Amino acid sequence: MNKQTFKPYIPAETITPEFTLTSVITGILLAIIFGAANAYLGLRVGMTVSASIPAAVIAMGVTRVILKRNSILESNMVQTIGSAGESVAAGAIFTMPALFLWAKEGIISAPSILTITLITVCAAILGVLFMIPLRNSIIVQEHGNLPYPEAQACAEVLLSGETKGKGTKAVFSGMGIGAAVKFIADGFGFVSGVIAAPINALKTEFSMEVYPAVIGVGYICGTKIAAMMFAGGVLAWFVFIPMIVSFGGDNILFPASAPVSQLYANGGAGAIWSSYVRYIGAGALAAAGIISLIKSLPLIVRTFSSAIKGLKNSEGTASSERTTQDLSIKFVLVGIIITILAIWLLPPIPAGILSAFLVVIFGFFFSTVSSKMVGLVGSSNNPVSGMTIAALLFVSIILKATGHHGAAGYVSAITVGSIVCIVACLAGDMSQDLKTGYILGATPKKQQIGELIGAVISAISIGGVLILLNKAWGFGSEQLAAPQATLMKIVTEGVLNGNLPWSFVFLGVFSAVVIEILGLPSLAVAIGIYLPLELGSAIMLGGLLRWFIEKKNKSAASESSNGVLFCSGLIAGEGIVGILLAVFAVAGVSLALPFSTGTIGAVAAALLLVALIIKFGLPSKSDK
């Protein structure tokens, strides 16, 4: 559809409630909830899920059904503000836990909540402000060329509210079920969260979690991605671990300080995974991220050059029409300058003038790339981790060349990497939200203000969430593996001092290369290698459920289907209870029952979740 002939759902001359107290408060609550839930999920499994579609469903349900309000643009504002929380959380948890891991090793002092909050707030502001000047060139000028699949899905969900919109029940049901199962398993300890079976003949074990969020992730990702991740888990646990145990014998292999046979005797396959295989997974993840970036390089170059060209061509094209109004460019430039000065000069932020300069260069570049790539592949497939690894590599090299070594160099590199990651995540999310608004006829200026509010509020809350989770379980633990942040830590250390088990790292690197040669997506397989098998097998279960439901009902593949929305609710519900249980753990409150149903209860919980996902995934008679 040509941009000159495009007419939004709400015409420019029509004024309807949009930026209201109701939409702002509801959006802020969703931003905090989805931010905390995705922080918990990302620290467990190394990936987050897009909050835009579930936020749109909840926004529609709250404004239309509960509050009886009748403005689609008000619902869109709730979605705009609410989805910002997931983007801030993703950027923060992919990088900043590295600081806590170094503190755990005694290399640096643990970061304060003020430091985390200031870094995250500055990054959130930049993520929004960098994208604003690009709106006309990317959203308007490229309309008809960039499909924005998830933005269109959000628009469809909100438009369904013009009739009845039945997806709200699926999301809230999922939240309730996810919360209940998590509380029963980890709060009361009534059922085991993991089904495990040792396989002595292969010197390994098979395991699977029964938690709602992980199974939900597999369903949302789909069968193909889930299978790739499970394949990585099979490679790690049924190839690498048996080989290391069989050939390692009584040898002490760096970085472990005990013989391989002793490690296996004392800790089983899990000890071999934590001592060696996670470095293979880290190498595979780093290589896969860089490969994905290299494959996207021609597109990135075209994206950046066309966006800059469009930015120049769109200067001075401001209009008095409601649907074309942006925040003042003067406001944007002043905001960027003040934020960069804050990064440079505020003592709690461990960054100097060089780091501030690097933030401007890499932040603006990757915000531009991320904004447009979301339009091509959707936010779920946006290679933000690859962008962050590339930025971190270059930043670490520059810092090392300028004399930044040791703890100071670590902290500076991760600070810049954290800001760039949050900026890229937020710019992509904002691009998607503005596209939804463009289709519906929202006011860009009001959306941009809403995005700023949601991003800043989420940034303020995420610091407390990170500190709380670290105190409760510790990053790098079985409960919170923090795989992406561990990878960023390994990359930084590898560049600045080279103190790594390179043989295992390069084993992972070339495993990723082989996977790419075979024509498979190496990033999904690499995540499977890095994660414990119990997560990969649970994700595979979710993927199989998606396959089964799609076979029964082809329309279930829609990203706004009840099955996807129910699983989004499962993730949100478990994440909220996970934060609540972390509060209890820090406060020393125990709710554990004196008895447990163990594995039998775990199997029963898994069967219940399977039945409920099938129930919501398949259409009811009233839906047909």
Side-chain angles (χ1 to χ4, degrees), residues 44-46 192-211 214 218 226-285 287-288 476-479 481 483 486-487 490 500-515 518 520 522 524-541 544 598-600 602-603 606:
R44 285 195 63 200
V45 303
S192 173
V194 179
I195 301 169
I199 305 175
N200 296 326
L202 286 176
K203 301 186 186 308
T204 188
E205 68 178 24
F206 176 82
S207 58
M208 185 178 74
E209 282 197 359
V210 296
Y211 290 104
V214 188
M228 295 301 172
M229 293 180 67
F230 183 61
V234 171
L235 183 62
W237 289 77
F238 290 89
V239 179
F240 292 148
I241 288 178
M243 287 179 66
I244 292 171
V245 175
S246 298
F247 299 120
D250 295 328
N251 296 314
I252 300 175
L253 303 179
F254 179 77
S257 57
V260 173
S261 57
Q262 183 180 331
L263 287 173
Y264 180 75
N266 294 336
I272 304 301
W273 175 85
S274 61
S275 297
Y276 305 112
V277 177
R278 70 188 184 100
Y279 290 103
I280 299 175
L285 266 175
S477 65
E478 184 178 344
Q479 293 88 348
T486 303
L487 171 62
I490 289 173
L500 284 174
W502 288 107
S503 58
F504 290 104
V505 171
F506 279 113
L507 182 58
V509 168
F510 289 106
S511 294
V513 171
V514 170
I515 292 164
L518 293 173
L520 302 175
S522 60
V525 180
I527 292 174
I529 295 173
Y530 189 89
L531 292 176
L533 181 63
E534 63 199 44
L535 295 175
S537 53
I539 289 171
M540 186 68 231
L541 175 60
L544 288 173
T599 302
I600 295 175
V603 172

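Remember, predicted model here, so these are calculated numbers, not experimental data.
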Inset, instruction - Rounded to the nearest 0.5 Å, what's the gap from OG1 on Thr204 to CE on Met243? Could you check? - result: 13.5 Å
Inset, instruction - Would you please test Leu535 and Glu209 for side chain to side chain contact (heavy atoms under 4.5 Å, CB included) and show each step? - result: CA-CA 6 Å; Leu535 295 175; Glu209 282 197 359; 3.4 Å; yes
Inset, instruction - Kindly give the heavy-atom pair with the smallest separation between Val194 and Ser207, and that separation in Å. - result: CG1-CB, 4.1 Å
Legend entry - Over all atoms of both residues, closest heavy-atom pair of Glu534 and Ser537: O-OG, 3.3 Å
Inset, instruction - Give the intermediate values and the outcome of side chain to side chain contact (heavy atoms under 4.5 Å, CB included) for residues Phe230 and Ile539. - result: CA-CA 7 Å; Phe230 183 61; Ile539 289 171; over 6 Å; no
Legend entry - Set of residues satisfying salt bridge (charged side-chain N to carboxylate O under 4.0 Å, His left out) with respect to Arg278, sequence neighbours excluded: none
Inset, instruction - Check Val245 against Ile272 and note the closest heavy-atom contact, atom names and distance. - result: CG2-CG1, 3.7 Å
Inset, instruction - To the nearest 0.5 Å, tell me how far Tyr264 OH sits from Ile244 CD1. - result: 12.5 Å
Inset, instruction - List for me each residue that meets side chain to side chain contact (heavy atoms under 4.5 Å, CB included) alongside Ala227, sequence neighbours excluded, and say none if there are none. - result: Met540
Inset, instruction - Please list all pairs passing the side-chain hydrogen bond (donor to acceptor under 3.5 Å, both in side chains) test where one or both residues lie in residues 234-261, with sequence neighbours left out. - result: Asp250-Ser261
Legend entry - Set of residues satisfying ring-ring contact (aromatic ring centres under 6.0 Å, His included) with respect to Tyr276, sequence neighbours excluded: Phe504
Inset, instruction - Looking only at non-hydrogen atoms, find the nearest pair between Tyr211 and Arg44 and report the distance. - result: CD1-NH2, 3.5 Å
Inset, instruction - Give a yes or no on whether Ile600 atom CD1 has more than 12 heavy-atom contacts from other residues, nucleotides or ligands under 6.0 Å away. - result: no
Inset, instruction - Rounded to the nearest 0.5 Å, what's the gap from CH2 on Trp273 to CG on Leu263? Could you check? - result: 14.0 Å
Inset, instruction - Tell me, please, which residues at least two apart from Ala284 pass side chain to side chain contact (heavy atoms under 4.5 Å, CB included). - result: Ala512, Ala526, Ile529
Legend entry - Where Pro198 and Glu205 come nearest, the two heavy atoms and their spacing: CA-CB, 3.8 Å
Legend entry - Ala236 to Val277 - nearest heavy-atom pair and separation: CB-CG1, 3.8 Å
Legend entry - Residues that Phe510 engages under ring-ring contact (aromatic ring centres under 6.0 Å, His included), provided they are two or more places apart: none
Legend entry - Candidate pair Phe238 and Leu533, rule side chain to side chain contact (heavy atoms under 4.5 Å, CB included), full reasoning: CA-CA 10 Å; Phe238 290 89; Leu533 181 63; 3.7 Å; yes
